[in-house]
Participant: 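Below is one structure. I have some questions about it.
For this chain, numbers begin at 1 and follow the sequence in order.
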Amino acid sequence: MPQRNHSFAKTIQRTLTNVSSNVNMSEEAFDVMVVGSCMTDLVSRVPRLPKAGETIHGQKFFIGFGGKGANQCIQAARLGAKTAIVCKVGEDFFGDNYIQNFKDNGVHTDFVGQTCDAATGTASIIVNDAGENAIVIVAGANMLLGSEELQGALLAASRAKVLVSQLEICPQMSLQALRMAQEHKVKTIFNPAPAIADLDAEFYTASDVFCCNESEAELLTGSSVANVEEAHQAAQQLLKRGCGSVIITLGPQGCVVVKGRGLTSTHVQTTACATVDTTGAGDSFIGALAFYTAHYPTMPLEEMARRANRVAGVSVQAVGTQSSYPFKRDLPAELF
């Protein structure tokens with residue numbers, strides 16, 4: 001009973017703190033607001049990815065911070081964006097650490113909720129010597145993010161420059177966040193990851209920028225996206241579903257950008273680099289894209305994508321997810 005009372009008291013204290021904080025936060029205008037996931041990364045380095053049913057010896061293990069929403073938010077923050085995230089973690093060791101991680105990276109945490117009904121989300125990641133990875137996620141508390149939390153962040157979201165969302169939380173919450181942003185003329189960036197084949201058609205019309213990688217584009221279109229030409233075709237197909245513009249990232253091949261009425265389709269190449277670990281590179285790209293969208297609203301989308309490619313290119317040259325994300329000070333002045 002004493003333990004239950006302590007937990008109840010902690011919940012009441014946190015609620016009162018959040019109410020007070022949210023009043024103050026509502027007066028602030030954020031560059032980038034992210035509605036999305038937090039995952040604790042459990043990372044194993046291996047010489048090669050194991051086959052089905054196979055057990056192999058790894059070389060190294062470490063625990064890090066991940067989750068698509070948090071990754072994108074922290075990359076934007078490290079480039080200089082004023083950021084906030086709407087997410088949910090567990091009332092556990094991983095959850096407490098994650099909140100501190102946000103604070104350490106300058107991300108506002110007033111809209112980060114904690115729950116005792118589920119554990120903080122986890123991602124088990126295997127990375128081989130070539131930098132390729134395989135990932136299994138357990139969403140946990142992420143799936144408990146609901147309408148109440150979104151409504152609590154409504155005023156702040158309505159004053160943001162950019163809102164970003166993905167699919168590691170309940171899809172309807174992502175869609176609600178995108179609609180909420182559009183109703184207040186806030187620019188939206190949607191990353192349909194992990195991709196789902198029967199994606200609600202309203203996601204397309206709610207996306208000013210619809211940004212996915214080649215495998216996600218394949219699942220969404222039902223067509224092969226194995227090269228730049230096929231990416232052009234897939235992007236055109238996605239654009240016709242109602243997006244404002246489409247970006248399909250292609251790893252070392254850069255990305256394809258299609259905008260407007262599909263009259264222009266551009267291949268944005270990237271600079272070759274020594275790849276160490278590709279985990280979270282796509283999130284680095286989107287976080288950088290959100291930063292450029294907020295800070296340079298008149299910049300052509302193709303140029304934003306080119307610069308975001310450069311940022312993501314730095315991230316793949318180091319091990320880890322957020323630990324590999326560059327700060328503004330680490331990058332050439334020409335990117336700003």
Side-chain angles (χ1 to χ4, degrees), residues 21-37 68-87 102 105-112 149-166 169 173-192 203-211 243-247 257 259-260 282-312 325-328 331 335-336:
S21 296
N22 287 353
V23 170
N24 294 329
M25 290 289 285
S26 297
E27 300 174 359
E28 298 197 53
F30 295 100
D31 296 324
V32 176
M33 194 161 205
V34 177
V35 177
S37 59
K68 291 183 179 300
N71 292 345
Q72 294 164 14
C73 190
I74 283 178
Q75 180 62 92
R78 288 188 176 186
L79 296 179
K82 185 176 183 180
T83 61
I85 188 166
V86 183
C87 65
F102 281 133
N105 280 277
V107 175
H108 291 257
T109 60
D110 297 69
F111 307 113
V112 178
E149 287 82 11
L150 291 184
Q151 288 303 313
L154 174 59
L155 189 53
S158 69
R159 300 183 62 186
K161 294 178 182 177
V162 181
L163 183 136
V164 185
S165 195
Q166 327 73 28
I169 58 174
M173 291 305 100
S174 291
L175 182 55
Q176 184 177 330
L178 294 169
R179 286 175 180 154
M180 189 169 72
Q182 282 202 325
E183 287 172 3
H184 292 88
K185 311 299 181 186
V186 175
K187 191 87 169 180
T188 59
I189 298 175
F190 176 57
N191 173 218
F203 273 107
Y204 298 102
T205 54
S207 304
D208 292 319
V209 180
F210 189 95
C211 184
C243 311
S245 56
V246 175
I247 299 175
V257 178
K259 60 183 183 180
D283 295 332
S284 174
F285 178 93
I286 291 171
L289 183 70
F291 164 78
Y292 289 119
T293 301
H295 277 246
Y296 306 97
T298 61
M299 181 182 290
L301 186 58
E302 295 88 348
E303 178 60 19
M304 292 185 193
R306 185 189 71 81
R307 297 188 188 196
N309 268 339
R310 292 275 302 276
V311 175
Y325 290 175
F327 288 84
K328 181 177 180 178
L331 297 164
L335 293 181
F336 303 94

Participant: For residues 286-295, run the donor-acceptor check on the side chains, cut-off 3.5 Å, and write out each pair with its distance to 0.1 Å, sequence neighbours left out.
Facilitator:
from: Y292; atom 1: OH; to: L335; atom 2: O; distance (Å): 3.1
from: T293; atom 1: OG1; to: L289; atom 2: O; distance (Å): 2.7
from: H295; atom 1: NE2; to: D31; atom 2: OD2; distance (Å): 3.2

Participant: Tell me every residue that passes side-chain contact (heavy atoms from CB on, under 4.5 Å) with T188, counting only those two or more places apart in sequence or in another chain.
Facilitator: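 T188 satisfies side-chain contact (heavy atoms from CB on, under 4.5 Å) with L178, A181, Q182, D208 once adjacent residues are dropped.
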Participant: Once rounded to the nearest 0.5 Å, what's the spacing between atom CD1 of I247 and atom CG of N309?
Facilitator: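 Between atom CD1 of I247 and atom CG of N309 there are 9.0 Å.
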Participant: At what distance, to the nearest 0.5 angstrom, does CZ of R307 lie from CE of M299?
Facilitator: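 CE of M299 is found 3.5 Å from CZ of R307.
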Participant: The test is side chain to side chain contact (heavy atoms under 4.5 Å, CB included); show your working for Q75 and D283 and say whether it passes.
Facilitator: CA-CA 8 Å; Q75 180 62 92; D283 295 332; over 6 Å; no
Participant: Using the rule given for side chain to side chain contact (heavy atoms under 4.5 Å, CB included), can you reason through L154 versus H184, listing the C-alpha separation, both sets of side-chain angles and the distance that settles it, and then say yes or no?
Facilitator: CA-CA 10 Å; L154 174 59; H184 292 88; 3.9 Å; yes
Participant: Working to the nearest 0.5 Å, report the span between SG of C87 and CD of E149.
Facilitator: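 Taking SG in C87 and CD in E149, the distance rounds to 10.0 Å.
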Participant: So H108 and F30, would you call those rings parallel, tilted or perpendicular, with 30° and 60° as cut-offs?
Facilitator: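 It falls in the perpendicular class, over 60°.
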Participant: Can you check whether F111 reaches V35 side chain to side chain, under 4.5 Å on heavy atoms?
Facilitator: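 SC-SC contact between F111 and V35 ruled out.
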Participant: May I have the step-by-step check of side chain to side chain contact (heavy atoms under 4.5 Å, CB included) for N191 and V164, ending in yes or no?
Facilitator: CA-CA 8 Å; N191 173 218; V164 185; 5.6 Å; no
Participant: Hey, could you give me the CG/SG distance between L301 and C211, rounded to the nearest 0.5 Å?
Facilitator: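 Going from the CG atom of L301 to the SG atom of C211 covers 9.0 Å.
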Participant: For residues S174 and I169, determine if any side-chain heavy atom of one lies less than 4.5 Å from a side-chain heavy atom of the other.
Facilitator: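 Yes, close enough: below the 4.5 Å cut-off.
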Participant: Which salt bridge (Lys or Arg N to Asp or Glu O under 4.0 Å) pairs, counting each pair once, include a residue from residues 72-83, with sequence neighbours left out?
Facilitator: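 Checked against salt bridge (Lys or Arg N to Asp or Glu O under 4.0 Å) - neighbours excluded - the pairs reaching residues 72-83 are E28-K82.
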Participant: For V34 and G69, which heavy atoms make the closest approach, and how far apart are they?
Facilitator: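 Looks like CG1-O, 3.4 Å.
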Participant: Please tell me if the side chains of R306 and E302 come closer than 4.5 Å, counting only heavy atoms from C-beta onward.
Facilitator: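 With C-beta onward as the side chain, the pair stays apart.
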Participant: Mind running side chain to side chain contact (heavy atoms under 4.5 Å, CB included) on I85 and T83 for me, showing each step along the way?
Facilitator: CA-CA 7 Å; I85 188 166; T83 61; over 6 Å; no
Participant: Should M33 and C73 count as side-chain neighbours, where that means a heavy-atom distance under 4.5 Å?
Facilitator: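 Heavy-atom side-chain distance check fails, nothing below 4.5 Å.
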Participant: Does some side-chain heavy atom of F327 sit less than 4.5 Å from a side-chain heavy atom of N105?
Facilitator: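 Side chain of N105 against side chain of F327, heavy atoms only: contact under 4.5 Å found.
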Participant: Given side chains that start at C-beta, do those of L150 and V86 come closer than 4.5 Å, heavy atoms only?
Facilitator: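 Side chain of L150 against side chain of V86, heavy atoms only: contact under 4.5 Å found.
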Participant: For residues L79 and F336, determine if any side-chain heavy atom of one lies less than 4.5 Å from a side-chain heavy atom of the other.
Facilitator: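 SC-SC contact between L79 and F336 confirmed.
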Participant: Within the 4.5 Å heavy-atom criterion, are V257 and S245 side-chain neighbours or not?
Facilitator: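 Of all side-chain heavy-atom pairs linking S245 with V257, none is under 4.5 Å.
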Participant: Measure the spacing between CZ of F285 and CD of Q72 and express it to the nearest 0.5 Å.
Facilitator: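 The CZ atom of F285 sits 11.0 Å away from the CD atom of Q72.
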